[in-house]
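Have a look at the structure below before the remarks.
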Amino acid sequence: MAFSIPKNEKLKSKKQIERLFVDGKSISNYPLKLIYQKVDSLGENDSKVAFIVPKKNFGGAVHRNRIKRLLREGYRLNKHLIFNNIEGKFTFAIIYIGKDMPNYQMIKENIQGLFNKFIKKTTHEKME
RNA sequence: UGAGCAGGUCACCUUAUCGCUCCUUUCGAGGGGAGGAAAGUCCGGACACCAUAGUGCAGCAUAGCGGGUAACGCCCGUCCGUCGCAAGACGCGGACAAGUGCAACAGAAAGCAAGUACAGUUAGGCUGUAGUGAAAUCAGGUAAACUCUAUGCGGUGCAACGCCAUGUAAACCAGUGUUUGAGGGCUGCACGCCCGAGUUGGAGGGUAGGCGGAUUGAAUUUUUGGGCAACCAAAAGUCUAGAUAAAUGAUGAGGCUCGACAGAAUCCGGCUUAUGACCUGCUUUUUUU
RNA sequence: GGCCACGUAGCUCAGCUGAAUAGAGCACUGGAUUUCGGCUCCAGCGGUCGGGGGUUUGAAUCCCUCCGUGGUCA
């Protein structure tokens, strides 16, 4: 699997985002929070992901952009953890809840931790 | 060197790998990729639709004089005023000799008037001074008070606007109307112009995807000429982000002064605000030599 | 991205045709009433008028500029 995020892996549809926030489940690993939902792949070929930084915590566009870029980078380099271990399509939203500026090292470790939690939880749900 | 004034420049750089976005492509790859403020949305335009934007009133804006500009509330020059020892900075800087209003406290009196004390003079009266106040018969003060004068301004904004796709309901109830013209568009009103068989309200249903607009422009660099200057003209050269849940990041290596404020969304010209470092010129006096 | 409003006591609002002490209700404190508490009555406390600059003799009010909050437009 390539370490890339092409356009069709980004969550864009307003409807899908709304559905995700209403019906999705969540895991948090401070300062990150993952909202996810399994989707029935009707025409959709890929899992989709969105990165969110609330304006409430970071007023300036520069800092918000910076965090989103770090999140995107973390997802790009670590998504193999999920897709090598789990079957099915999902929509994700990764939210930065913290109020302090992170660096890449922190983001990387947090994303890996978050993905491990997610894998554990979903495999557990499957067994049940 | 201290204190201060004015103006200008740059905005970490180089490289490799992995990613993002746009363009080109011989499908191997190659090339471009945030700012001086991209910000605030405070002005002025371009552009689009509504009459090729029309008339009157209302409304709003500007305000010494001259020039620049597509235009401006911007810029340049200059006069005057205020501040500063100075270099310089700042100025909503027309009219109260058209009318109306307002003026706390103080004061006799802040305009349909009234008139204190003292001095001059024979007296009436007149003149001067004192006293209150920001302002006192002075053509009084006040227009960032109404107003008047001059000049300018039609409205709405790219979520404008054009097109394609998808979907439902030309359904139901009530009012009103069809050439004797309802209603709508063009502004707040009136006129005028245009469209015109529907339209307004109630309750309810559906869509909310994509393409264009969109980046070559009052653009910019150099040289020459004109002008005190802002700026203008000519010649030669350059192509410099274009996304749409929305692109610039990560890692390694090297270097330095160890990097502030901060992220394009239709596009330009300004203003204002945030902000690091460096350079140039000038003023001034003291400290030092 | 565009357009439009609003910031006054701890809270909800007046005052914004410039001048007099910035008022009202709730809340808070003290007192009266009551066996005690509530209700009621009396008194008090509490304000950079969002910040800064300007006009004016004088600004919450007029003008400019920043900051914050909210609404609206396919």
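Between the C1' atom of B:rA250 and the CD1 atom of A:Ile107 lies a distance of 12 Å, rounded to the nearest Å. Per the geometry, CZ belonging to A:Phe51 stands 16 Å off P belonging to B:rG19, to the nearest Å. Going from atom CD of A:Glu9 over to atom C1' of B:rG19 covers 12 Å, rounded to whole Å. Computed from coordinates, the A:Asn78 CG to B:rG19 C1' distance equals 14 Å when rounded to whole Å. Atom CG in A:Asn8 sits about 14 Å away from atom C1' in B:rC20, given to the nearest Å. Between the CG atom of A:Leu77 and the P atom of B:rU17 there is a distance of 17 Å, rounded to whole Å. Spacing between atom NZ of A:Lys79 and atom P of B:rG19 amounts to 10 Å, rounded to whole angstrom units. Between the CD1 atom of A:Ile5 and the P atom of B:rU248 there is a distance of 10 Å, rounded to whole Å.
Nucleotide B:rA106 has no partner under the Watson-Crick or G-U criteria, as no pair reaches both atom distances under 3.5 Å. With a cut-off of 3.5 Å on both Watson-Crick or G-U wobble distances, the partner of B:rC90 is given as B:rG81. In this entry B:rU168 has no Watson-Crick or G-U wobble partner, no candidate having both defining distances under 3.5 Å. Nucleotide B:rA134 forms no Watson-Crick or G-U wobble pair with any nucleotide shown, as no partner meets the under 3.5 Å limit on both distances. Using N1 to N3 plus N6-O4 or O6-N4 for Watson-Crick, or N1-O2 and O6-N3 for G-U wobble, each under 3.5 Å, B:rC57 pairs with B:rG188. With a cut-off of 3.5 Å on both pairing distances, the Watson-Crick or G-U wobble partner of B:rU176 is B:rG198. For B:rA159, there is no paired base (Watson-Crick or G-U wobble, both distances below 3.5 Å). With a cut-off of 3.5 Å on both Watson-Crick or G-U wobble distances, the partner of B:rA253 is given as B:rU14.
The aromatic rings of A:Phe118 and A:Tyr36 sit perpendicular, their planes meeting at an angle over 60°, well past the 30° parallel limit.
Taking the C1' atom of each, B:rC12 and B:rC261 are spaced 16 Å apart, rounded to whole Å. For B:rC47 and B:rC268, the C1' atoms lie 11 Å apart once the distance is rounded to whole Å. To the nearest whole angstrom, the two P atoms, one in B:rG40 and one in B:rC105, are 49 Å apart. Taking atom P on both nucleotides, B:rA136 is separated from B:rA110 by 15 Å, rounded to a whole Å. When the C1' atom is compared between B:rC189 and B:rC112, the two are found 40 Å apart, to the nearest whole Å. Rounded to whole Å, the C1' atom of B:rG242 lies 11 Å from the corresponding atom of B:rC23. Here, B:rA53 and B:rC164 have their P atoms 29 Å apart, quoted to the whole Å. Rounded to the nearest Å, the gap between the P atom of C:rC73 and that of C:rC16 is 33 Å.
Within 90° of 0 lies the glycosidic angle of B:rA34, which makes this nucleotide syn. In textbook terms, a nucleotide whose glycosidic angle is within 90° of 0 is syn, while C:rG71, being further out, is anti. Annotated as anti: B:rG66, whose glycosidic dihedral deviates from 0 by more than 90°. With a glycosidic angle no further than 90° from 0, C:rU56 counts as syn. For B:rU215, the base is syn relative to its sugar; the glycosidic angle is within 90° of 0.
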Mind listing the side-chain donor-acceptor pairs of residues 104-117 of chain A below 3.5 Å, one per line with the distance, residues two or more places apart or on another chain?
unit_1, atom_1, unit_2, atom_2, d
A:Asn110, ND2, A:Met106, O, 3.1
A:Gln112, NE2, A:Asn78, OD1, 3.0
A:Asn116, ND2, A:Gln112, O, 3.2
A:Lys117, NZ, A:Ser28, O, 3.1

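The main-chain N or O of A:Ala61 is never found under 3.5 Å from a side-chain atom of A:Lys55 such that the two would form a donor-acceptor pair. A donor-acceptor pair under 3.5 Å links the side-chain atoms of A:Arg64 to the main chain of A:Phe58, judged by distance alone. Listed for the A:Lys48 side chain is a donor-acceptor partner under 3.5 Å among the backbone atoms of A:Asn8.
As judged by a 4.0 angstrom heavy-atom cut-off over every strand, A:Lys10 is placed among residues touching the sugar-phosphate backbone only. Residue contacts for A:Lys7: at a heavy-atom cut-off of 4.0 Å it reaches the sugar-phosphate backbone alone, with no base atom in range. Within the nucleic acid shown, A:Leu11 comes within 4.0 Å of sugar-phosphate atoms alone, with no base atom in reach, counting heavy atoms only.
Distance CG/A:Asn85 to NE2/A:His80: 9.0 Å, rounded to 0.5 Å. Within the model, atoms CD1 of A:Ile119 and CZ of A:Phe83 stand 10.0 Å from one another, a figure rounded to the nearest 0.5 Å.
In this structure the side chain of A:Leu32 reaches within 4.5 angstrom of the side chain of A:Leu71, judged on heavy atoms. Between A:Phe92 and A:Leu34, the closest side-chain pair of non-hydrogen atoms falls below 4.5 Å.
Listed nucleotides: B:rA245, B:rG263, B:rA250. Nearest to the side chain of A:Ala61: B:rG263.
Along RNA chain B, the nucleotide closest to A:Val62 and the one closest to A:Ala50 are compared, and the more 5′ of them pairs with A:Ala50.
Within residues 63-73 of chain A, the residues approached by RNA chain B to less than 4.0 Å at the level of any non-hydrogen atom are A:Asn65, A:Arg66, A:Arg69, A:Leu70, A:Arg72, A:Glu73, in residue-number order.
Taking 3.5 Å as the limit, the base of B:rC20 and the side chain of A:Arg76 contain no donor-acceptor pair of atoms between them.
By the rule that hydrophobic residues join a cluster once side-chain heavy atoms approach within less than 4.5 Å of another member, A:Met101 and A:Phe51 end up as members of one cluster.
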